[in-house]
Structures are given as structure tokens and as C-alpha cells.
Amino acid sequence: MRLSQLFGKTQREIPAEADTISHQLMLRAGMIRQLTAGVYSYLPLALRSLHKIEDIIRDEMNKAGGQEICMPVLQPIELWEKSGRGASFGQSLFRLFDRKERELALGPTHEEVITDLVGRSVQSYRDLPLLLYQIQTKFRDEPRPRGGLVRVREFVMKDLYSFDTDAEGLDINYQKMIAAYKNIFSRCGLPVIIIEADSGAIGGKDSNEFMAVSEMGEDEIIYCESCGKAANAEKAQSLKVKADNSSPLPMEEVATPGYKTIEEVCRFLKINPVNTLKAVFYMADNEFVFVCIRGDVDVNEVKLKNMLHCVDLRMATEQEVAAEGIIAGFASPIGLKNVKIVADESVASGTNFVAGGNKNDLHIKNVNYPRDFKADIVADIALAAAGDGCTECSAKLLATRGVEVGHVFKLGTFLSEKMGAFYIDANGESKPIVMGCYGIGVGRLMAAIIDINHDDKGIIWPQNIAPYQVYVCPLFLEDTRVAEKAESLYKELENMGIEVLYDDRSESTGVKFNDADLLGIPLRITVSPRSLEKGCIEVKWRSEKKAELVPVDEAAKKIQEMLTVK
RNA sequence: CGGGGUGUAGCGCAGCCAGGUAGCGCACCUGAAUGGGGUUCAGGUGGUCGGAGGUUCGAAUCCUCUCACCCCGACCA
């Protein structure tokens, strides 16, 4: 490809809208262009890389026994009502009406469609196991798209769905997919860590995420260096510091004039947050919930939501709190009636806590659970934090951020039951198909790859997914020797089946080199009068500083060798 | 949805406070010189000033409404 003909120009200045590296580089390299919030056009360079990523994914999916299919983006809303997940996707589901006023959704994912499809096709255990996948555009009306391709509303995703007769079969396929994913990310030049995850709106039991560790990541990862355990902060468990455990004393009122927050109360009473209980108020599907948790620990809303089995969870407003007769700032679970109380396990982790007095300017000392109040539910709803102890080995946990590039779920049978996907087993009994689903965000993956593989000059493509392998860069094109040699080398390499980007522009040396660095093509070939004098051309890896002189006659062969070996 | 910010040429920005013929840099076009890391000079093309309404002799500028985009939060496979 001649650079002068390539659609998509490089830009020197960073568009103001981009503040993550991958977004900036993709815009500057002329790879993508935003149409509206979270919706992008992919220009040739980006599309070439995307296709390469897709081909790697395809290859690994096929090797694992997957069969590729294509499913509708337009999906009748009834399908979502049937699975019950329309509600959990909520506002994120793009909805539209056809001319007959029938409601449709733009598919945010394809579990419903495929379960319906497979349910109609599969009849016998002999038809299972079955692995089907698709690489397609999906739509989600995200509240806030961000980070360029990291979170968008229209995006290409690979989803594989596994169908088994039983949990053992699912386990096998689950492990098979994890192995395939490791291959995929490694072939893409992206180091990932596998962490435990919450399964969210998708539902299901076991769930793991593949995270690219990166500052631009939206997810917080809590991990243990000593034993290797790692989990999404939404899911992570941890050992909290020990609270006071002296023998329980009688409750005692204490005046705390105007001291409402945990810090204020602690400073005033000269105690530690670990020895306090705090109250947080939520509305769970319009039911008021009083959450009680130790003062030094924060509520993990994902855990809380899962525990309450609710669709919508939000903090209660001041009015809603007041309507329950609760005095914010001095709230107490003691003596509360007709309110659902959820306590974190941490409330039972010590004795003689300071809690609210449910009257203005009053707190109560020596509060003990369950002596002084009862909770409807006691569970782990605590947010794990860096510095907490690992539940496996007690070492101090660390935190980092990551981009979720892949996510695998054991769905089990809840979808197949709802959607009516059953098979007949060897005994002639009808049973629900056991499902798993395995996703990779392709565009986001490309962004993560760029984020990991760049320097201050630009992208450094891993060879496998680079849009082109070789950048032929003639200097001083007016020199006919240069022009002829560059041109012939370009054609020769192309004839050898090598993907070449040929910078045929009459730009200055600096411009060309800087664009070459920005675009990040792995191998740069410089053709110049200086090296031609010596009968050579220069070959340089994007990832390395030094160039190598190669005799002109051997150039093409040598380049081919370099590309093969690397 | 709450908070903050920004909309002026393909990109980055100034002009707005104090109303008076729309500017600068990059990019693009023409020409010349130069040229191994965004070189220089000269000339040139390109703008519904996000949109609508209002005030005014006159609005990028003041007022009202509105839309879009970005950031933080909420939310989110």
C-alpha cells in the first residue's frame, strides 16, 4: 500500500477529546474517527489490525472445536422478556419499534438468540456438546462511553457459547476456553491476568475475567502477590484488620453534639473507625434497606445487590431515609422496626462498638452483635481494599487497574430453562442444556494492545496484529536511485506476499521517521542515497534503537527471514 | 441522572469580560530553497463562530432556550 493513497492521515496534534494513550494514538495515526459518543468508524489501518485479531480468535476458537455462525442484531423484545434479562440490562438495551409498532432490541449480546436457536435444533444428548461462536457488532447504550475504544456503545465482540449435558462437560469446555484465551492474548502480544469476577447481568456461577493491567482500566483488581489469588474488586474477599475483642460491656449513651461522620465521631471520642459501626441506606427495587457495616469498611454494592437479588440498587435519598424515621448521621440498627437490616460480617468481628443512637447528637457505646440488635441478613458485603489480608494466605493484598478484555461465565441452566432449551438424555428424560459463554471485546482488545505496546513516539505493533509488516521509507525521493530501488523493493516484497506500507510521499526525513514511529509498523526499511552508496539499505525494528545495514541484493530475502524468525 | 468543562477551518487554539468587515499555529494547495528525526521562505484555499429565538443600527461577543461532545460520579458483561 502506498502511504500517499492510504485513507486516513496522521495528525501531529492530539485531539482534545482524547485523554487515554490508546485513544490519542489511534486518532493521531488516523485509525479511527468518532461519529458520535461511543461510536467509531474504523479506517483501513485499524480495520486491518482488527481483522488480524479476529483471525487469531477464529483460529483458536476453531481449534477448540467451535463453529462460527452469524446471528441477528435485530432481536424481538419478547426474547428478552422471556429470559428476564431485559430488566437487568435496563437502560443499556437499545430499543426500537418497527413499522408495525413491534418492539425490537439491538442485540447487546446473543445468549437469548442462541439459546433459542440451539433449543430448537438440539434434541438429543447425541447433539451435545456443542460450541458455537460469532464475531459480531453488539449494541449497548452505555451511560458513559469513555477511553476511545475501551467503552463504546457499538462494538465488535466475539462470543462463544458452550452447550453441554452436564456440569462436568461444562467444566471441560470452560477450561478449554481459558486455555484458548491464553493462546489468543499471547498471540496478540498482550499479557493478561486471570481473575475471579462477578457475573453481573449475564448471571451464572463461576466467572473469570481476563484483564490487561493498565492505568486506563475501568476495573479495580485486588490481588495477592504471595499466593497469586486475584479478583475483581466487585467480587474480592479479604481479611479485615482485627477489631477490639474485650468482653462485652453494657450499652452506654454518649453525647456527640454535631459529630456525624465516622471521622468526626472518632476524633471526638478518641477511638478508631475499626471500633465503630456505620449505617448506609439503599433502595433495592424500591424497598428500603438499612445496611450496617464496620466503620473502617466500605460497602461492596455488587455483593449487596447479588445478595438482595434485586435488579436496581441505589443509595436512598435524604427524604427516603427521613421517611423511615432514621436520623442520618446518628442512625442506629438498635431498636429499628419494620426496616430490612443487612449487616456485613464485620459487625460480628469485634465487641463494644460505637454506633448511632438514633437521636440527634447521640451515639451509643459498647454495642454488641447480636446482643443489641438483629439483622435480617448477615453476609459478606464488604469491599476488599489494598492492605487487607488475603483470604488464602493472609499476605497483604494489593490493588491495580485493568481493562477487561475477556470474560468467561458458567451460565448453568437458568437461561436454557427460561428459554426452553432442553435435550433428551440417554434415559429418555428431558433436561435443560448446561451452558457457558465466553466473550472477547475485539476493539477494546486492540486498544489495550496499543496501551501496552507504545512509547512516546507512537505505537509498537506486535508483529502478529500489525496492519502491515514492513514500512518502506525512502529518503530523498528526488534521487532516482532511491526512487527506483524503493519502488522495486516495495514491489518485490509485495510479490513475496509481505504486507508493505510504502511511504512514497516527498516529505522530509523527520516527518517520515516520525510517522513511521507513530504508525508502529514492526520493520522499517530506509532507502537513502547514503546507504545506497555502500550498496545497502537499512533495516530497523520499531521496537529497537539500532538499524542494520543490509546489502541491496539480499534485502528482500533478509527481510523475509527477519519477519519469519521474529 | 448529579457535578464540572468545552463547542470558532481537518487538528490545536486566540478573539467574548468592554458588540463594529473572523484571526493564529499545524495540516492542505502553488512555487523556491533545503533535507538522515516534525526544515525554511513566499504566495494561496478553506469557517452556517454547535443550533434556535431575542436585544441592538450592528451579535462569535449580551440575554433566553436548546443540542452535542469531554471529564468526575452514579450506572455499566
Side-chain angles (χ1 to χ4, degrees), chain A residues 4 8-20 23-24 27-28 30 33-39 85 88-93 107-111 138-148 150-153 155 157-159 161 197-204 207-211 218-219 232 234-235 282-283 301-302 305 311-315 317 403-409 411 437-441 444 456-458 473-479 482 505-518 524 526-533 537-538 540 545 547:
Chain A
S4 65
K9 262 194 191 109
T10 59
Q11 270 176 212
R12 206 172 291 200
E13 290 183 276
I14 303 168
E17 69 193 27
D19 58 5
T20 59
H23 193 192
Q24 291 174 356
L27 287 171
R28 285 189 52 214
R33 203 75 161 162
Q34 180 171 336
L35 180 62
T36 182
V39 178
R85 296 201 312 165
S88 40
F89 268 95
Q91 297 270 90
S92 295
L93 199 60
T109 179
H110 285 77
E111 281 90 25
K138 316 226 173 182
F139 297 84
R140 292 184 196 174
D141 196 359
E142 298 288 350
R144 188 151 87 80
R146 71 184 99 185
V150 172
R151 181 164 292 277
V152 286
R153 299 194 297 166
F155 56 100
M157 181 162 194
K158 186 285 300 183
D159 248 336
Y161 307 94
D198 181 72
S199 53
I202 290 280
S207 174
N208 290 98
E209 286 170 330
F210 289 73
M211 308 293 284
E218 298 181 286
D219 292 282
N232 195 307
E234 292 177 344
K235 168 92 176 178
Y282 287 93
M283 294 301 288
E301 296 185 1
V302 173
K305 190 172 170 181
V311 171
D312 183 49
L313 181 77
R314 60 172 173 84
M315 299 279 266
T317 63
V403 177
E404 177 192 348
V405 288
H407 199 159
V408 294
F409 305 80
L411 292 176
C437 77
Y438 316 85
I440 292 179
R444 172 188 282 192
D456 58 342
K457 288 286 193 181
C473 187
L475 304 180
F476 317 114
L477 264 176
E478 296 74 10
D479 186 322
V482 169
R505 305 170 303 167
S506 298
E507 289 288 351
S508 71
T509 309
V511 170
K512 288 191 156 195
F513 282 166
N514 278 297
D515 276 346
D517 287 345
L518 174 60
R524 187 184 80 191
T526 308
V527 182
S528 69
R530 189 204 275 178
S531 45
L532 282 182
E533 287 294 325
I537 51 103
E538 271 168 65
K540 177 187 165 299
K545 278 233 150 49

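Lettering of chains follows the sequences in order, A, B, ..., and the numbering in each one begins at 1.
- A:Tyr161 pairs by the ring pair (Phe, Tyr, Trp, His ring centres under 6.0 Å) definition with nothing, not counting sequence neighbours.
- Evaluation of the salt bridge (Lys or Arg N to Asp or Glu O under 4.0 Å) rule for A:Lys305 yields no partner, not counting sequence neighbours.
- Here the separation of B:A68 from B:G23, taken at their P atoms, is 32 Å to the nearest Å.
- For B:U48, there is no paired base (Watson-Crick or G-U wobble, both distances below 3.5 Å).
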Cut-off 3.5 Å, no hydrogens considered: what does the side-chain donor-acceptor table look like for residues 8-15 of chain A, sequence neighbours left out?
{"unit_1": "A:Thr10", "atom_1": "OG1", "unit_2": "A:Asp515", "atom_2": "OD1", "d": "3.0"}
{"unit_1": "A:Thr10", "atom_1": "OG1", "unit_2": "A:Asp515", "atom_2": "OD2", "d": "3.2"}
{"unit_1": "A:Gln11", "atom_1": "NE2", "unit_2": "A:Glu13", "atom_2": "O", "d": "3.4"}

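- Residue-level contact check: A:Ser531 touches the bases, meaning some heavy atom is under 4.0 Å from a base atom.
- Not counting sequence neighbours, A:Asp19 has no partner by the side-chain contact (heavy atoms from CB on, under 4.5 Å) test.
- Among the atoms of the strands shown, base atoms are found under 4.0 Å from some heavy atom of A:Arg524.
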With the sugar-phosphate defined as primed atoms, P, OP1 and OP2, and the base as all remaining atoms, what B/S/- string results for nucleotides 67-74 of chain B, 5' to 3', for protein heavy atoms under 4.0 Å? --SSSBBB
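- Enclosure of atom CD in A:Glu218 by more than 12 non-hydrogen atoms of other residues, nucleotides or ligands within 6.0 angstrom is indicated.
- Along RNA chain B, the nucleotide closest to A:Phe155 and the one closest to A:Arg530 are compared, and the more 5′ of them pairs with A:Arg530.
- Note on A:Lys9: every side-chain N or O is 4.0 Å or more away from OP1 and OP2 of B:C26.
- Counting heavy atoms from C-beta on, the side chains of A:Met315 and A:Tyr282 come closer than 4.5 Å.
- Checked against ring pair (Phe, Tyr, Trp, His ring centres under 6.0 Å), A:His110 has no partners two or more places apart in sequence or in another chain.
- B:G25 and B:U8 have their C1' atoms separated by 15 Å, given to the nearest Å.
- Counting only heavy atoms from C-beta outward, the side chains of A:Asn232 and A:Asp198 never approach each other to under 4.5 Å.
- Atom C1' of B:G12 sits at a distance of 32 Å from the matching atom of B:G53, rounded to the whole Å.
- Picking from B:C76, B:C11, B:G38 the nucleotide with the shortest atom distance to the side chain of A:Pro15 gives B:C11.
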Generate the contact string for nucleotides 4-10 of chain B. Rules: B means base contact, S means sugar-phosphate contact only, - means no protein heavy atom under 4.0 Å. ------S
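- Within 4.0 Å of A:Ile14, counting heavy atoms only, lie sugar-phosphate atoms of the nucleic acid but no base atom.
- Residues passing the side-chain contact (heavy atoms from CB on, under 4.5 Å) test with A:Ala547 are A:Glu538, A:Lys540, sequence neighbours excluded.
- Taking the P atom of each, B:U61 and B:C49 are spaced 9 Å apart, rounded to whole Å.
- The side-chain hydrogen bond (donor to acceptor under 3.5 Å, both in side chains) test applied to A:Asp479 returns A:Arg481, not counting sequence neighbours.
- Between B:A42 and B:C24, the distance separating the two P atoms is 13 Å to the nearest Å.
- Atom NZ in A:Lys512 sits about 14 Å away from atom P in B:G37, given to the nearest Å.
- Looking at residues two or more places apart in sequence or on another chain, you find a salt bridge (Lys or Arg N to Asp or Glu O under 4.0 Å) between A:Glu142 and A:Arg151.
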Can you give me the N/O atom pairs linking the protein to nucleotides 40-47 of chain B at distances under 3.5 Å, or say none if there are none?
none

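- Residue-level contact check: A:Met315 touches neither bases nor backbone, having no heavy atom under 4.0 Å from any strand.
- Judged as a side-chain hydrogen bond (donor to acceptor under 3.5 Å, both in side chains), and not counting sequence neighbours, the contacts of A:Gln34 are A:Tyr40.
- B:U21 sits 15 Å from B:G15 when the C1' atoms are compared, rounded to a whole Å.
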